[in-house]
Each structure stands twice: as C-alpha cells, then as structure tokens.
K.L.:
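Once you've had a glance at the structure underneath, I'll fire off some questions.
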Amino acid sequence: MIALLAAAALGSTPAVAQGYPVTIVDDRGKPVTVEHPPRSVASVSTFGADLLAALGRKVDGLSTLNNKQSAFLGDATRGAVNLGEVHETNLEVLTTLAPDLIIGLRTYTEPFEKKFEEIGRFLAFDLITLDDSLHAVTRAAIALGNAARGEALNAAFLETLDEYAERAPGGLTVVFLWHWADVPFAFYDHHLSTHIIARLGATNVQGASPTPQLASPDSAAITLENLLGLDPDVIISFKGDEGPFVDHPIWPRLKAVKNGRAWRVGDQYVMPHGPIARDMVLRELAHLLYPAQFPPPDDIPAGARASAMRFAR
C-alpha cells in the first residue's frame with residue numbers, strides 16, 4: 001500500500017521542481033522557513049513518518065508509543081533512530097541525530113519547542129480532524145519539496161472517502177474507544193476516525209463534543225454502565241499495551257461483544273492523520289462495519305490488523 005500511495009502521488013502530478021527557500025505557517029501560527037530540501041527528517045508522532053513513506057522516503061528518527069513503533073507502517077520505519085516516547089522526546093538522541101527538519105504533534109512537543117528549534121527546522125501540527133490532516137499533509141509536503149504530491153495524496157483520499165460513503169449501506173451504531181488502564185474513553189464526532197465512521201453511514205453513540213468551538217478534547221471518559229445504555233452495534237477499541245482488556249460483568253452483556261463485533265485496532269486509528277493511516281482506517285473500518293459490501297484489506301501488516309477484543313481479570 002505504501003508503494004501504491006507513492007505511485008499514485010507520483011503518477012497523478014507532473015514532476016515539477018519546487019524552489020527553496022519555502023515558508024510554512026504551522027499550527028502554532030509560526031512561520032517556519034526551510035532553506036533547502038531536507039536531507040534528514042525526524043518525526044515526533046507517526047504523522048511525519050507516514051507522510052514520508054507515502055512520498056517514497058525514509059524517516060531518520062521516529063518516536064514511539066508505549067515503547068513501540070507503529071506496526072501499520074511496516075518496514076517503512078526500519079532503521080529509524082528511536083527518539084523515545086512521543087510525549088517525552090529524548091532530546092539528547094535528537095540532538096545527536098541533528099535532522100534538517102522535525103515534524104511534530106503540537107500537543108506533545110510544546111514544552112520542548114525551543115530546544116527543537118535549536119536542533120533543526122521545526123513544524124508542529126494539531127492533528128485531530130479531517131481538515132487538520134489535509135492541511136498538515138499540504139504544508140509538510142511543501143517543506144519536503146513535494147507540494148504537488150501532497151495535494152495529490154489529499155485528493156486521492158477524498159475521492160476514495162466519497163466512493164466508500166456512496167457504497168456504505170449505513171444504519172449502524174458505533175463507539176470508538178481508547179483505554180487508559182481500566183477506564184475507557186470515547187471519541188467525539190470531530191476526530192478523524194469517527195468522522196470516517198459517520199461518512200460510512202454509521203452513528204457515533206458518543207456524539208458531538210459539548211465544546212464544539214474547541215478541537216480539544218477529542219474524547220471523554222465513559223462508564224461501562226453508560227456504554228451498556230447506548231449498546232452500540234459495533235465497538236472499536238484501542239489499547240496501547242499488549243495485554244487483554246480488563247474484564248467487567250458488563251462487557252459480555254454488550255450487543256457488540258455478544259455478536260462478535262467488538263474489535264481491537266492498531267494505533268493508526270488514534271493517529272490516523274497521515275496518508276497511509278487514514279486510507280488504512282477507511283478501508284478496514286468499511287470492512288468491519290459492512291463485511292458483505294467491503295472485503296478485508298489484505299495489505300495491512302499483521303501487527304496492525306483488527307482482532308477480536310479479549311478480556312481477562
């Protein structure tokens with residue numbers, strides 16, 4: 001899939017040399033001038049690595065989530081220097097790497113931005129909504145000297161999203177959860193993954209944020225008692241550690257669990273904003289929601305594929 005995305009981006013636009021320097025305004029509202037094509041790039045969160053892979057490039061340094069690199073990028077991140085956890089970058093390692101460009105998630109990089117700027121050119125993005133994804137791909141691609149390809153990747157995704165939306169029969173209720181210890185949090189409608197769920201004709205039972213004027217928070221804790229009251233047809237769950245979900249008497253009473261429609265998914269669902277992640281989430285979600293209409297994607301790395309939720313005390 002990485003090769004196909006790169007080929008699509010290459011094939012749909014003419015090969016036009018992009019001039020430097022370029023100035024990009026990131027989501028801090030800060031103009032960042034990139035003087036020359038970045039030879040080395042570090043990614044704090046998977047977004048930058050995802051975009052580089054879609055453009056046919058390797059990432060030089062990459063952060064981890066729960067001490068693991070994202071499985072959904074497969075071999076595209078092989079050889080990348082480990083920058084430490086996404087919320088706590090190892091600044092000594094990053095300084096030694098000395099990348100020309102650092103692409104980061106604003107939420108996690110804000111406390112260290114001055115240090116990042118001492119090391120290399122630094123772009124920070126807010127990545128929650130579909131618009132966040134589209135705008136970040138556009139601006140980061142400009143910084144990487146691939147403006148036209150970035151636009152082509154965005155256009156290709158929007159076209160596929162429209163196509164899948166037309167084919168989806170709809171009529172389902174869904175919740176998308178992430179788990180902190182034994183506490184589930186449910187994503188609001190404006191997160192990109194729940195936006196995709198809505199485009200596929202399903203209703204997110206968590207609904208809209210009570211503060212729609214703010215992008216953050218993108219989720220809120222939900223009790224299992226409330227989840228039982230909502231009783232969605234399908235449950236999509238992400239948990240960072242390897243073990244099973246914490247058992248509770250309510251889980252087996254939920255319709256989705258009883259019907260075998262409660263799925264554990266990879267971290268591309270909580271960080272879906274790069275070209276590879278969002279395409280993967282769309283195609284796998286379509287299959288999980290409507291298996292009769294959409295075949296299972298066969299190009300998702302084994303460690304990133306959805307599997308049945310398992311529970312243990």
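Quick note: numbers below take in every heavy atom, side chains included, and nothing from hydrogens, waters or symmetry partners. The shown structure was predicted, so the numbers you read here are calculated from the model rather than taken from an experiment.
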K.L.:
Could you check whether any side-chain heavy atom of F187 comes within less than 4.5 Å of a side-chain heavy atom of N204, counting everything from C-beta outward?
P.N.:
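The answer is no, as the side chains (C-beta and beyond) never meet within the 4.5 Å cut-off.
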K.L.:
Assigning hydrophobic clusters by single linkage (Ile, Leu, Val, Met, Phe, Trp, Tyr; side-chain heavy-atom cutoff under 4.5 Å), is I128 placed with V270?
P.N.:
no
K.L.:
Take atom CD of E159 as the centre, draw a 6.0 Å sphere, and report whether it contains more than 12 heavy atoms from other residues, nucleotides or ligands.
P.N.:
no
K.L.:
So how far is it from S133 OG to L127 CG, rounded to the nearest 0.5 Å?
P.N.:
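It comes to 7.5 Å.
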K.L.:
Is there a side-chain contact between W251 and I235 (heavy atoms, below 4.5 Å)?
P.N.:
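They are in side-chain contact.
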K.L.:
Between the side chains of D233 and K255, is the shortest nitrogen-to-carboxylate-oxygen separation below 4.0 Å, so that they form an ion pair?
P.N.:
yes
K.L.:
For L134 and N154, which heavy atoms make the closest approach, and how far apart are they?
P.N.:
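Looks like O-ND2, 3.0 Å.
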K.L.:
Just do the side-chain contact (heavy atoms from CB on, under 4.5 Å) check on D267 and F72 with the steps written out, would you?
P.N.:
CA-CA 8 Å; D267 64 5; F72 78 88; 3.5 Å; yes
K.L.:
List the steps and the verdict of salt bridge (charged side-chain N to carboxylate O under 4.0 Å, His left out) for E117 and K114.
P.N.:
CA-CA 5 Å; E117 289 168 343; K114 292 190 184 303; 5.5 Å; no
K.L.:
Which pair of non-hydrogen atoms, one from V34 and one from I24, has the smallest distance, and what is that distance?
P.N.:
CG2-CD1, 4.1 Å
K.L.:
Hey, quick one: are V175 and L200 part of the same hydrophobic cluster, counting side-chain heavy atoms closer than 4.5 Å, chains of contacts allowed?
P.N.:
no
K.L.:
If you apply the rule side-chain contact (heavy atoms from CB on, under 4.5 Å), what do you find for H248 with R253, and how did you get there?
P.N.:
CA-CA 10 Å; H248 189 282; R253 296 171 59 191; over 6 Å; no
K.L.:
Please say yes or no: joined through hydrophobic side-chain contacts below 4.5 Å, possibly via intermediate residues, are W180 and L105 part of one cluster?
P.N.:
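Same cluster: W180 reaches L105 through Ile, Leu, Val, Met, Phe, Trp or Tyr contacts under 4.5 Å.
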K.L.:
Apply side chain to side chain donor-acceptor pair (under 3.5 Å) to S219 and H191, showing your working.
P.N.:
CA-CA 8 Å; S219 59; H191 187 269; over 6 Å; no
K.L.:
Should L130 and L158 count as side-chain neighbours, where that means a heavy-atom distance under 4.5 Å?
P.N.:
yes
K.L.:
Are F311 and V257 side-chain neighbours, meaning at least one heavy-atom pair lies under 4.5 Å?
P.N.:
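Heavy-atom side-chain distance check passes, below 4.5 Å.
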K.L.:
Measuring only between side-chain heavy atoms, which start at C-beta, is L230 closer than 4.5 Å to T173?
P.N.:
no
K.L.:
Tell me, with the steps shown, if E85 and Y108 meet side chain to side chain donor-acceptor pair (under 3.5 Å).
P.N.:
CA-CA 10 Å; E85 282 290 87; Y108 296 128; over 6 Å; no
K.L.:
In terms of side-chain heavy atoms, does H195 have a donor or acceptor partner in T129 at a distance below 3.5 Å?
P.N.:
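Distance-only check fails for H195 and T129.
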K.L.:
What's the spacing between L51 CG and L153 CG if we round to 0.5 Å?
P.N.:
7.0 Å
K.L.:
Is there a side chain to side chain donor-acceptor pair (under 3.5 Å) between Q69 and T64? Walk through the geometry before answering.
P.N.:
CA-CA 5 Å; Q69 289 189 348; T64 59; over 6 Å; no
K.L.:
Please report whether the ring centroid of W178 lies less than 6.0 Å from that of F185.
P.N.:
yes
K.L.:
Would you give the length of the straight line joining atom OH of Y164 to atom CZ of F294, rounded to the nearest 0.5 angstrom?
P.N.:
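It is 6.5 Å, given to the nearest 0.5 Å.
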K.L.:
Are D126 and R28 close enough for a salt bridge, meaning some N to O gap below 4.0 Å?
P.N.:
no
K.L.:
At their closest point, which heavy atom of F112 faces which heavy atom of L91, and how far apart are they?
P.N.:
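Minimum heavy-atom separation between F112 and L91: CD2-CD1, 4.2 Å.
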K.L.:
Might you point out which heavy atoms bring P272 and R278 nearest each other, and give the distance in Å?
P.N.:
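Of all heavy-atom pairs spanning P272 and R278, the closest is O-CB, 3.0 Å.
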K.L.:
Closest heavy-atom contact between A54 and I276?
P.N.:
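Minimum heavy-atom contact is N-CD1, 3.8 Å.
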K.L.:
Might you work through the side-chain contact (heavy atoms from CB on, under 4.5 Å) test for V137 and F47, ending with a clear yes or no?
P.N.:
CA-CA 9 Å; V137 166; F47 171 77; 3.8 Å; yes
K.L.:
State the CD1-CG distance between I196 and D279, to the nearest 0.5 angstrom.
P.N.:
9.0 Å
K.L.:
Before accepting this row, confirm whether a basic side-chain N of the pair D241/K239 lies closer than 4.0 Å to the acidic partner's carboxylate O.
P.N.:
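Yes.
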K.L.:
How about E92: does its CD atom have over 12 heavy atoms from other parts shown lying under 6.0 Å from it?
P.N.:
no
K.L.:
Quick check against the 3.5 Å criterion: does D60 have a side-chain atom that pairs as donor or acceptor with the backbone of V41?
P.N.:
yes
K.L.:
Look at the rings of H190 and Y188 and say which category their plane angle falls in: under 30° parallel, 30 to 60° tilted, over 60° perpendicular.
P.N.:
parallel
K.L.:
Should T89 and F116 count as side-chain neighbours, where that means a heavy-atom distance under 4.5 Å?
P.N.:
yes
K.L.:
Hey, is the main chain of P38 close enough, under 3.5 Å, to the side chain of D100 for a donor-acceptor pair?
P.N.:
no
K.L.:
Give a yes or no on whether the backbone of Q213 and the side-chain of T211 come within a donor-acceptor separation of less than 3.5 Å.
P.N.:
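Absent.
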K.L.:
In this structure, which one of E284, M280, R305 forms a side chain to side chain contact (heavy atoms under 4.5 Å, CB included) with P297?
P.N.:
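So the option named by the test is E284.
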K.L.:
Apply side-chain contact (heavy atoms from CB on, under 4.5 Å) to residues V174 and I236 and explain how you reach the verdict.
P.N.:
CA-CA 7 Å; V174 183; I236 306 294; 4.1 Å; yes
K.L.:
Would you call E163 and L282 a side-chain contact if the rule is heavy atoms closer than 4.5 Å?
P.N.:
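Contact flag for E163/L282 side chains = no.
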K.L.:
Looking only at heavy atoms, which two atoms of S43 and L83 are closest? And how far apart?
P.N.:
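Shortest heavy-atom contact: O-CD1, 4.0 Å.
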K.L.:
Once you round to the nearest 0.5 Å, how far does CG of D218 lie from OG of S193?
P.N.:
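It is 10.0 Å, given to the nearest 0.5 Å.
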K.L.:
Check for me whether R264 meets the cation-pi criterion with F245, that is, NZ or CZ under 6.0 Å from the six-membered ring centre and within 45 degrees of the ring axis.
P.N.:
yes
K.L.:
Do R139 and L123 come close enough that some side-chain heavy atom pair is under 4.5 Å?
P.N.:
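In short, these two side chains do not touch, never coming nearer than 4.5 Å.
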K.L.:
Count the heavy atoms belonging to other residues, nucleotides or ligands that lie under 6.0 Å from CD of Q293, then report whether that count exceeds 12.
P.N.:
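Atom CD in Q293 is crowded, with more than 12 foreign heavy atoms closer than 6.0 Å.
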K.L.:
Counting only N and O atoms by type, is there a donor-acceptor contact under 3.5 Å from the side chain of R261 to the main-chain atoms of L288?
P.N.:
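Such a contact is found between R261 side chain and L288 backbone.
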K.L.:
Looking at CD of E166 and CZ of R199, how far apart are the two atoms once the value is rounded to the nearest 0.5 Å?
P.N.:
9.0 Å
K.L.:
Above 12 or not: heavy atoms from other molecules or residues under 6.0 Å from CZ of R310?
P.N.:
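At most 12 heavy atoms, drawn from other residues, nucleotides or ligands, come within 6.0 Å of this atom.
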K.L.:
Establish whether V93 and L65 are linked, either directly or via other cluster members, by ILVMFWY side-chain heavy-atom contacts under 4.5 Å.
P.N.:
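Result: yes, single cluster for both.
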K.L.:
Under 4.5 Å between side-chain heavy atoms, counting indirect links through other Ile/Leu/Val/Met/Phe/Trp/Tyr residues: same cluster for V205 and L289 or not?
P.N.:
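Different clusters.
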